[in-house]
Amino acid sequence: MTRFAAVLTVGALSLATFAAAHTGVKNPAVMARMDGMKATQDGVKVPGAMVKGERSFDAEAARAAAAQIAAEAARTPDLFEAQETDPNSEALPTIWENFADFTAKSNNLETVALALSTSLETEDQLRAGLGQIGAACKACHEVYRE
Ligand code: HEC
């Protein structure tokens, strides 16, 4: 069951790549925050493949990926602080009406990923941790992304 849930999460995360409206973005500030999100997404790929059984479990590689996700999450509030727009952006204007909440959601992802990057030893921990990471992405996208 845990495995099934984690696979679903990872599936949903890869769908996010297809939804990306990255092409044709003219505003460099919007491009920079999208690049940050892409890097976050890349951080999920390796551990995601481990959970799906497409790659063998490697605690060290999984911890490094979690550290990358945490580092990107730490940058997110700065990348979004100025209310920059672009016709291809999927960011909702409510971000800047509720920036403290947006920051808190980003901090939450950072906390979860950072904990994983320091404590992860087993595949079960990776599954559980990826589930938490996926939930943290979703919690923000649900409210602040088109
Ligand atoms: C604090 C809020 C927040 C968190 C947490 C968050 N995102 Fe995002 N994400 C956004 C917003 C807002 C956008 C839309 C940015 C835009 O289009 O200007 C976005 C866009 C994206 C994109 C599309 C980028 C593009 O090129 O258009 C991907 C992929 C993505 N996020 C992946 C993730 C993943 C994976 C996680 C979790 C590991 C995550 N995000 C966590 C707010 C967040």
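Any value given below was found using the heavy atoms of this structure, including those in side chains, with hydrogens, waters and symmetry copies removed. Computed from a predicted structure; not experimentally measured.
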Any side-chain heavy atom of [X] within less than 4.5 Å of one from [Y]?
X	Y	result
Ser117	Leu114	yes
Gln83	Pro93	yes
Gln41	Cys137	no
Phe102	Val143	no
Glu146	Leu92	yes

Where do [X] and [Y] come nearest, in terms of heavy atoms and distance?
X	Y	result
Val44	Leu130	CG1-CD2, 4.2 Å
Gly43	Ala65	O-CB, 3.3 Å
Leu116	Gln125	CD1-O, 3.8 Å
Trp96	Ala91	CH2-CB, 4.2 Å

field: Whether over 12 other heavy atoms sit under 6.0 Å from Glu60 CD
entry: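 12 or below, so no.
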message: One thing to verify: whether Asp35 and Lys38 come together as a salt bridge, which I'm taking to mean a side-chain N less than 4.0 angstrom from a carboxylate O.
response: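 Result for this pair is no, no salt bridge flagged.
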Ion pair check, Arg127 and Asp124, cut-off under 4.0 Å: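 Result for this pair is yes, salt bridge flagged.
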message: Under the criterion side-chain contact (heavy atoms from CB on, under 4.5 Å), I'd like the reasoning laid out for Val30 against Thr85: C-alpha separation, chi angles, the key distance, then a yes or no.
response: CA-CA 7 Å; Val30 170; Thr85 53; 5.7 Å; no
